[in-house]
Amino acid sequence: MKTFLIFIVALFVNTNFLSAQTNGFKRYKAFNGITFEYTVLLPEGYDNNKTYNTAVAFASVDAKNDQAIWSVNNLWMNHKNYDFIIIVPKVPIGQLDWISHPIHHGFNDFLKFVKKNYKVKHQKIHFIGYKDGCIPAQTYITALEYPPASLTLFSSNYWEHYNNKEYTLLTQLKIPIRLFYTKKDKNASQVKQNIVKKLKSLNIDVQYKIIDTYTEELDNLLLKK
């Protein structure tokens with residue numbers, strides 16, 4: 001009986017926390033009618049008079065498997081300690097996935113809104129993709145009106161879809177690219193042999209690393225110095 005009560009209490013706490021995170025998502029309707037649902041994770045002691053490094057963190061590609069809430073509770077549990085503002089968007093409302101032409105135009109409008117409201121440092125946003133979220137991160141980074149600051153990908157399987165045009169666009173961006181894989185990722189060695197070699201041949205600043213956990217690497221990248 002005691003064990004059962006502990007389970008019920010734990011379930012209640014977790015459910016309430018998840019609900020709180022869900023309710024924390026805001027909406028922004030772009031000029032073309034695309035509505036973005038997102039949450040903003042601020043560093044501890046956030047000062048709205050200062051500029052901050054800012055990252056958009058994608059955690060899914062399709063609406064049926066949207067991991068945005070999960071990523072807030074798991075990947076970004078230490079966000080208060082980071083010297084970053086983290087924007088976590090869901091798949092836009094009413095859309096099946098991130099990959100559609102109208103979203104691209106609306107997304108640029110959404111980023112303008114973010115820059116205006118959160119005083120983005122140097123007016124440049126970092127892109128971070130987690131698993132399937134690497135697809136919008138890699139897709140939109142070459143479709144922005146203004147160059148991003150960097151691209152960080154955790155366990156990306158999307159490189160096989162890249163064509164010469166997209167590689168050329170990456171070259172023109174002249175930004176650092178970080179590729180992180182866990183020991184369980186089946187395609188990690190192939191990426192190292194093929195993709196990293198390709199990126200380096202294009203003089204792209206690329207870092208490849210096998211990591212233990214995603215959160216540990218996020219701490220290494222984003223913790224306040």
Side-chain angles (χ1 to χ4, degrees), residues 10 13-14 17-18 20-22 24-25 38-48 50-61 65-90 111 114-115 118-138 140-141 148-159 173 175-189 191-192 195-196 199 204-225:
V13 171
N14 288 336
F17 179 68
L18 189 63
Q21 294 294 356
T22 304
F25 278 75
Y38 67 98
T39 192
V40 180
L41 306 177
L42 299 174
E44 189 172 17
Y46 171 73
D47 182 351
N48 61 9
K50 291 173 55 178
T51 60
Y52 286 85
N53 292 308
T54 304
V56 172
F58 300 91
S60 60
V61 67
N65 190 35
D66 198 312
Q67 297 292 302
I69 295 174
W70 179 92
S71 72
V72 171
N73 297 339
N74 293 275
L75 289 181
W76 300 108
M77 61 181 71
N78 298 329
H79 72 88
K80 289 185 178 181
N81 298 321
Y82 298 156
D83 190 29
F84 269 76
I85 295 171
I86 311 296
I87 311 292
V88 183
K90 294 183 179 181
L111 291 185
V114 169
K115 290 178 180 181
Y118 294 98
K119 296 182 179 179
V120 175
K121 194 170 186 178
H122 306 309
Q123 289 294 297
K124 290 192 174 183
I125 292 179
H126 300 260
F127 271 29
I128 299 176
Y130 165 75
K131 293 192 174 181
D132 284 351
C134 293
I135 297 176
Q138 289 176 247
Y140 284 96
I141 201 167
S150 69
L151 174 63
T152 300
L153 303 173
F154 291 95
S155 302
S156 173
N157 290 317
Y158 189 59
W159 288 107
L173 290 176
I175 61 171
I177 297 176
R178 306 182 186 96
L179 306 178
F180 298 116
Y181 293 85
T182 67
K183 297 174 183 177
K184 296 180 180 180
D185 290 322
K186 296 179 180 179
N187 66 328
S189 59
V191 169
K192 183 177 182 180
I195 306 305
V196 173
L199 294 173
I204 292 175
D205 179 7
V206 57
Q207 176 188 357
Y208 172 93
K209 186 178 179 181
I210 298 293
I211 61 176
D212 292 321
T213 66
Y214 301 111
T215 52
E216 181 180 357
E217 200 56 40
L218 285 170
D219 288 350
N220 292 336
L221 287 171
L222 308 179
L223 276 175
K224 296 177 182 177
K225 305 300 182 184

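Note that this is a predicted model, so its numbers are computed, not measured.
Crowding of K192 atom NZ: a count of heavy atoms from other residues, nucleotides or ligands under 6.0 Å not exceeding 12.
Formation of a donor-acceptor pair under 3.5 Å by the K183 side chain with backbone atoms of I210 is not found in this model.
Contact of the I69 side chain with the F25 side chain is registered, since non-hydrogen atoms from C-beta on lie closer than 4.5 Å. In this structure the side chain of L199 never reaches within 4.5 angstrom of the side chain of V196, judged on heavy atoms. Proximity of N53 to H126: side-chain heavy atoms (C-beta onward) are separated by under 4.5 Å at one or more points. Residues Q207 and P176 have side chains not in contact (no heavy-atom distance under 4.5 Å, counting atoms from C-beta outward). Side-chain contact between F180 and Y214 is absent, with no heavy atoms from C-beta onward closer than 4.5 Å. The side-chain heavy atoms of V56 and Y38, taken from C-beta on, include no pair separated by under 4.5 Å. Using a 4.5 Å heavy-atom cutoff, the side chains of I128 and Y130 are not in contact. D66 is listed as a side-chain neighbour of S60, based on a closest heavy-atom distance under 4.5 Å.
By the side chain to side chain donor-acceptor pair (under 3.5 Å) test, Y181 is found to be paired with no residue, residues two or more places apart in sequence or in another chain being considered. Listed by chain and number, the residues in a side chain to side chain contact (heavy atoms under 4.5 Å, CB included) with Q138 are C134, L151, L153, S156, Y158, W159, Y162 (sequence neighbours excluded).
Ring pair W76/Y82 is perpendicular by interplanar angle, where above 60° counts as perpendicular and below 30° as parallel. Taking the six-membered ring for Trp and thresholds of 30 and 60 degrees, Y118 and Y46 have ring planes inclined between 30 and 60 degrees apart.
Going from atom OG1 of T54 over to atom CD of Q123 covers 9.0 Å, rounded to the nearest 0.5 Å. In this structure, the separation between CG on L75 and OG1 on T215 is 7.5 Å, given to the nearest 0.5 Å. Once rounded to the nearest 0.5 Å, the distance linking CG of N81 with CG of L222 reads 11.0 Å. Rounded to the nearest 0.5 Å, atoms CD (E217) and OG1 (T182) are 12.0 Å apart. Atom CD1 of I85 is separated from atom OH of Y52 by 7.0 Å, given to the nearest 0.5 angstrom. Distance check, rounded to the nearest 0.5 Å: OG1 of T213 to CD1 of I211 gives 6.5 Å.
Minimum interatomic distance between K119 and N48 (heavy atoms only, all atoms of both residues): NZ-O, 3.0 Å.
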